[in-house]
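Here is the naming used below: chain letters follow the sequence lines, and residue numbers restart at 1 for every chain.
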2 protein chains.
Amino acid sequence: MKTRERILVTSLELFNEFGEPNVTTIHIADEMDISPGNLYYHFRNKNEIIYELYQQFEKRMNEILVPPPEDRQITMEDHWLFVHLLFEHIWEYRFIYRNLPDLLASVDKLATHFNRILDKKERVNKAICEGLIANGTMIATVDEVNSLSQNITMTMTYWLNYENVRNKGKHTEDLGKGVYQVMSLLTPYLEPTHRAFMQDLSKKYL
Amino acid sequence: MKTRERILVTSLELFNEFGEPNVTTIHIADEMDISPGNLYYHFRNKNEIIYELYQQFEKRMNEILVPPPEDRQITMEDHWLFVHLLFEHIWEYRFIYRNLPDLLASVDKLATHFNRILDKKERVNKAICEGLIANGTMIATVDEVNSLSQNITMTMTYWLNYENVRNKGKHTEDLGKGVYQVMSLLTPYLEPTHRAFMQDLSKKYL
DNA sequence: GTCTATACTGTGATAGAC
DNA sequence: GTCTATCACAGTATAGAC
């Protein structure tokens with residue numbers, strides 16, 4: 001692996017573990033056994049590292065956030081997979097979610113980009129709900145779908161952070177509970193005959 | 001107002017506006033037209049200011065987080081009032097919620113205290129649900145009440161933060177949307193004849 | 001109680017040799 | 001590409017005069 005690449009990998013690791021503001025360029029260089037000067041040869045400054053990591057994050061996120069195919073029935077299994085992929089990805093770049101206001105302010109245009117991701121997330125959540133309604137799996141009014149999509153988007157955004165607070169900073173890489181929690185927002189709107197899937201999940205995570 | 005008191009008030013204002021890590025003791029002193037030395041006469045260090053503000057926060061929070069009275073029927077109006085009071089209080093001390101992991105780590109024992117508040121929040125939410133179920137306003141299983149209480153607690157914790165991200169840092173002191181959003185988590189479990197209250201709310205906030 | 005002056009530290013970042 | 005040396009600066013905190 002090239003040094004530039006190693007800097008990114010190491011930074012991501014340290015940012016995720018200790019939080020971006022608590023990781024200095026010296027920590028990163030030390031961890032890699034290179035000099036700070038070398039680090040600054042590859043990146044103009046710390047923000048450039050953050051920005052590049054953010055771009056990696058956004059690229060993959062956009063791949064995950066595709067609207068469900070319209071030619072096929074949407075099932076709860078589809079939804080489960082979507083939520084799970086999303087949580088895995090957020091977990092990989094969780095440093096971004098730790099202090100969103102300051103991180104988004106630190107690099108120009110990041111706030112706009114991140115909000116676009118949130119918009120997209122909300123649209124996909126809405127599309128999934130509408131798909132589930134179309135095939136009778138779910139029952140809900142337009143207003144309900146709207147506030148539900150927002151609540152799901154919000155929970156997806158902050159659940160891992162909340163869990164971290166609840167566990168007093170101890171990392172538990174178990175994403176299942178979060179996935180369950182997000183999906184439980186949807187449960188009460190499910191047509192009663194379609195709730196078996198959620199009951200199976202609850203056995204695993206409650 | 002005594003200087004010590006003014007330091008607390010000014011700090012709270014600046015912390016809320018710019019975020020605690022972005023406010024230095026010099027900023028606080030400047031804003032008050034006193035010298036940094038004077039500030040350090042009243043507080044040993046910055047963490048002591050944070051800690052004292054946190055204690056103010058916790059004291060009032062404990063007053064808000066009382067379980068609903070058992071001798072009286074619980075209504076959706078009660079719930080609305082509870083959520084509203086809580087959001088008002090969080091808004092007043094919103095700096096605490098901006099970067100919870102780092103803030104809770106900065107002062108000893110804060111993580112434990114804050115988690116106790118979250119536990120209490122969850123218990124009150126559960127008690128309200130159970131009250132609403134007992135008088136037929138709401139219908140839900142035990143598992144549903146559990147995951148619902150957790151989702152409500154989580155949304156109460158992060159909604160204002162999420163709104164701030166969505167508005168790209170512009171403060172809008174309108175708490176109504178958040179109150180609606182939290183209460184909408186409960187709507188699908190309401191007995192159909194009791195949904196009028198939420199429909200009135202939705203007219204105001206959607 | 002309040003001020004001025006100052007010490008100390010950690011961090012971001014650059015210059016120039018190899 | 002990588003290192004060593006070093007700067008500039010900001011933020012925390014203290015000492016001592018008034």
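- The nucleotide whose nearest atom lies closest to any side-chain atom of A:S35 is, among D:dG1, C:dC3, D:dT4, D:dT4.
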Side chain to side chain donor-acceptor pair (under 3.5 Å) between B:N151 and A:S184, worked out: CA-CA 9 Å; B:N151 274 332; A:S184 77; 3.2 Å; yes

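- OP1 or OP2 of C:dA13 has at least one side-chain nitrogen or oxygen of A:Y40 nearer than 4.0 Å.
- The only option from A:T25, A:N38, A:L39, A:L12 that meets the side chain to side chain contact (heavy atoms under 4.5 Å, CB included) definition with A:I7 turns out to be A:L39.
- Aromatic ring centres of A:F57 and A:Y54 lie closer together than 6.0 Å.
- Side chain of B:I26, nearest nucleotide from C:dG1, D:dT12, D:dT2: D:dT12.
- Centroid-to-centroid, the aromatic rings of A:Y97 and A:F114 come within less than 6.0 Å.
- Distance A:R6 CZ to D:dG1 P: 13 Å, rounded to the nearest Å.
- Distance CG (B:N38) to C1' (D:dT12): 16 Å, rounded to an integer number of Å.
- Rounded to a whole Å, the CZ atom of A:R4 is 13 Å from the P atom of D:dT2.
- Between D:dG11, C:dT4, C:dG1, one nucleotide has an atom nearer to the side chain of B:T24 than all others, and that is D:dG11.
- Taking side-chain N and O atoms only, B:H42 has a distance below 4.0 Å to OP1 or OP2 of C:dT2.
- Put simply, A:T25 has a side-chain N or O that comes within less than 4.0 Å of OP1 or OP2 on C:dG12.
- When distances are taken from the side chain of A:K46 to each of D:dA13, D:dT2, C:dA13, the shortest belongs to C:dA13.
- Rounded to an integer number of Å, the gap from A:N45 CG to D:dC9 C1' is 16 Å.
- Atom pair B:I7:CD1 and D:dT12:P shows a separation of 14 Å (rounding to whole Å applied).
- In this structure, the CZ atom of A:F43 is 15 Å from the P atom of C:dG12, given to the nearest Å.
- Separating the CG atom of A:D30 from the P atom of D:dT4 is a distance of 11 Å, rounded to the nearest angstrom.
- Here D:dT4 presents its P atom at 14 Å from CG of A:L39, a figure rounded to the nearest Å.
- Using a cutoff of 4.0 Å between basic side-chain nitrogens and carboxylate oxygens, B:E122 and A:R166 are scored as salt-bridged.
- Not one side-chain nitrogen or oxygen of B:Y41 sits closer than 4.0 Å to the OP1 or OP2 atom of C:dT2.
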